Amino acid sequence: MEKTELTERIKSAIVDVPDYPKKGIMFKDITGLFASHQLFKDTMHALAAETVSKLGFKPDFVAGIEARGFIIGTALADEIGVGFVPIRKAGKLPRDVVSESYDLEYGSASIELQKDSMPEGSRVLIADDLLATGGTASAAEKLIKKQGSKPIGFAFIIVLSGFGSKDALKLPVFEMVEY
Ligand code: AMP
C-alpha cells in the first residue's frame with residue numbers, strides 16, 4: 001500500500017478536539033485509529049517497516065511512554081519482533097527506578113523506568129502517539145541513558161511540526177503523519 005493512501009486513512013481516523021485539556025490546545029484524538037483493527041494493523045506494520053529500514057538495524061527494545069505510548073509501543077515491538085519496556089508516570093513502577101522531570105505542552109510531569117528493565121547497553125527505540133514540544137521525548141531519551149542503555153530513535157503516529165521539535169531532537173524521528 002502507498003504511504004500517502006495510508007496517511008489519508010490515518011488522518012481521517014484522527015479527531016481534532018479544540019481546547020482540550022486546556023484552552024488553546026488542539027487535542028488529536030487517535031482512539032478511532034485503535035478501534036479500527038485493519039487500520040491500526042496497517043499503521044503499525046508500516047511504521048515498523050519504515051523505522052527498521054531507515055535505521056538499517058532492529059532495536060533491541062521498544063520503550064513506550066504511558067499511556068498511549070504503551071499501545072503504540074507494544075504493537076510496534078511485536079511488529080519489529082523485539083521486547084517492550086514501559087516508561088511510566090512517577091510512582092507506578094514497583095521496583096528500583098530512574099526518574100526524569102520535564103515540561104509538557106500542558107503542565108509538567110515526571111517519568112520513570114525500572115533500573116533492571118533491560119540489560120545495560122541495549123539499543124532502544126522510544127515510542128509515543130504524538131510529538132509536540134518534544135519535552136516528553138527528550139525526558140525519555142535522558143531516562144534511557146540514566147538506566148545505562150542507548151536511545152537510537154523515536155517513533156510516533158503524529159508529529160506536530162509547528163514546534164520544530166523533530167529537528168531539535170538529535171536522534172532520528174519516524175512518524176506516519178505530520179500536521
Ligand atoms: P510533548 O512533550 O509536548 O512533545 O507532548 C507529547 C505528549 O503529550 C504525548 O504523550 C502526547 O500524548 C501528549 N500530547 C501533547 N500535545 C497533544 C495534542 N495536541 N494532542 C494529543 N496529545 C498531545
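Keep in mind that the numbers below use all heavy atoms, side chains included, and drop hydrogens, waters and symmetry copies. Just so you know, ligand 1 is whichever comes first in the structure, and atom 1 is the first atom listed for that ligand. None of the values given here were measured: they were computed from a predicted structure.
A donor-acceptor contact closer than 3.5 angstrom is absent between the side chains of S165 and T133. Between the side chains of Q147 and S149, at least one donor-acceptor pair of N or O atoms lies under 3.5 Å.
Looking at F163, Y20, F27, it is F27 that brings a heavy atom closest to atom 21 (C) of ligand 1. Closest heavy-atom approach to atom 12 (O) of ligand 1 among the candidates D129, I14, D16: D129.
In terms of polar-atom proximity, L130 is not counted as a contact of ligand 1, lacking any N or O under 3.5 Å from an N or O of the ligand. Considering backbone and side-chain N/O of A132, one or more are found under 3.5 Å from N/O of ligand 1. Residue contacts with ligand 1: K28 is placed with a nitrogen or oxygen under 3.5 Å of a nitrogen or oxygen of the ligand (distance criterion only).
Salt bridge R9/D42: present, at least one basic N to carboxylate O contact under 4.0 Å.
Annotation: K150, atom NZ; neighbour count of heavy atoms from other residues, nucleotides and ligands within 6.0 Å does not exceed 12.
Set against the non-hydrogen atoms of D128, the atoms of ligand 1 under 4.0 Å away are 9 (C), 10 (O). Set against the non-hydrogen atoms of T136, the atoms of ligand 1 under 4.0 Å away are 1 (P), 2 (O), 5 (O), 6 (C), 7 (C).
Distance alone, capped at 3.5 Å, is enough to place a donor-acceptor pair between the T7 side chain and the K3 backbone.
Proximity of R68 to ligand 1, defined as any heavy-atom pair under 4.0 Å, is confined to the side chain (atoms from C-beta onward). By the criterion of a heavy-atom distance under 4.0 Å, both the backbone and the side chain of T133 are placed next to ligand 1.
By the 4.0 Å heavy-atom criterion, A137 is excluded from the residues contacting ligand 1.
A cation-pi arrangement is present between K28 and Y179, with the terminal nitrogen or guanidinium carbon under 6.0 Å from the aromatic centre and inside a 45° cone about the axis.
Contact of the D96 side chain with the D116 side chain is not registered, since no non-hydrogen atoms from C-beta on lie closer than 4.5 Å.
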